[in-house]
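To keep things clear, I will list the structure first and then write my remarks on it.
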Amino acid sequence: MNTLERLLQIKKDKGAGYLVLIDPDKMDVHALPKFMQGATEAGADAFLIGGSLMLTGEFDRVLTLMKQNTTQPVIIFPGSLFQISAVADAILYIVLISGRNPDHLIGNHVVASPIIKRMNLEPISTGYMLVEGGTVTSAEFMSNTKPIPRAKPDIAAAHAIAAEMMGLKVLYLEAGSGAKESVPNEMVGAVAKYCGLPIIVGGGIRTPEEAAQKVKAGASFVVTGTIVEEQGISLIKGFAEAVHGAARSERTKGML
Ligand code: 1GP
């Protein structure tokens, strides 16, 4: 089973999955083995690794330690072309569809694809949509693209339909790391209504309740990064339970 199939299996079995993002710049490598073991035990379904910059982090070292200390998939969520490694299980092969920057629509892909192929690294084609999150995030600034306005779920839905028609495999609705406000539930709902692709939602999600709302709105996977970095691993169990619990209750509703 490849990594995308494993993610789809999680969605099938649990209704939705909880993904923990690790930014190598913000994680203390010495604490990483314990963090990974604890997070896996607490119910994280998979891990993402990546960041907009690499000021201090050692990408390969962090990735190797992650892989050594979990049985769950470890997936690269690349902030740049320098974040590619054969150690990972897969890489989100991101097409920044909400933007109109050709580098993030095709340019970087032409450079990265032969390397990914040579490494035999699994690419997961991802339609990535940046959504206004109440502040200018690193993703917005670094990608030099304009996010989708918060009050325009129809624009997000049209992008999602286009992504599906283009053959991309998953969608990522992103408010940006540390966003003031997460992607609006109405927008997640509109995308889920018009498009059958699995939806990952992340950026600015700070409570298990908020994570549960995204699942109820139609998210297949919820990502947190900053809040766990700030407040620690003890939060993971609550997030995992909220995501899985919300998915279970949506399923039960569907059966009534
Ligand atoms: C960022 O979606 C992720 O790409 C996670 O965001 O750090 O705000 O949780 P946070």
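Each ligand, and each atom within it, is numbered from 1 in the order the structure gives. Note that the numbering runs from 1 along the sequence shown for the chain.
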Polar side chain donor-acceptor pair, D60 to S85, under 3.5 angstrom: yes
How long is the gap from CD1 on I97 to CG on L130, to the nearest 0.5 Å? 11.0 Å
Have a look at V223 and tell me which of F239, Y18, Y172 forms a side-chain contact (heavy atoms from CB on, under 4.5 Å) with it. Y172
Any atoms of ligand 1 less than 4.0 Å from a non-hydrogen atom of F77? List them with their elements. 4 (O)
If you measure every N or O of G178 against every N or O of ligand 1, does any of those distances drop under 3.5 Å? yes
Parallel, tilted or perpendicular, judged at 30° and 60°: which one describes the rings of H109 and Y93? perpendicular
In terms of atom number and element, which parts of ligand 1 are under 4.0 angstrom from non-hydrogen atoms of E174? 1 (C), 2 (O), 3 (C), 4 (O)
For atom 7 (O) of ligand 1, tell me which residue out of T226, L21, V228, V223 has the closest non-hydrogen atom. T226
Note: ligand 1 atoms sitting under 4.0 Å from heavy atoms of G203 are 2 (O), 3 (C), 5 (C), 6 (O), 8 (O)
For E5 and N2, indicate whether the former's side chain and the latter's backbone hold a donor-acceptor pair under 3.5 Å. yes
Ligand-side contact atoms (ligand 1) for residue partner G225, heavy atom cut-off under 4.0 Å: 5 (C), 7 (O), 9 (O), 10 (P)
Closest approach of any protein heavy atom to atom 3 (C) of ligand 1, naming residue and atom: Y172 OH, 3.5 Å
Could you tabulate the donor-acceptor pairs under 3.5 Å formed by side-chain atoms of residues 150-163, not counting sequence neighbours?
from, atom 1, to, atom 2, distance (Å)
R150, NH1, E132, O, 2.9
R150, NH1, S182, O, 3.1
R150, NH2, S182, O, 3.0
H159, ND1, I155, O, 2.8
H159, NE2, R100, NH2, 3.2

Mind checking whether T224 has a heavy atom under 4.0 Å from ligand 1? yes
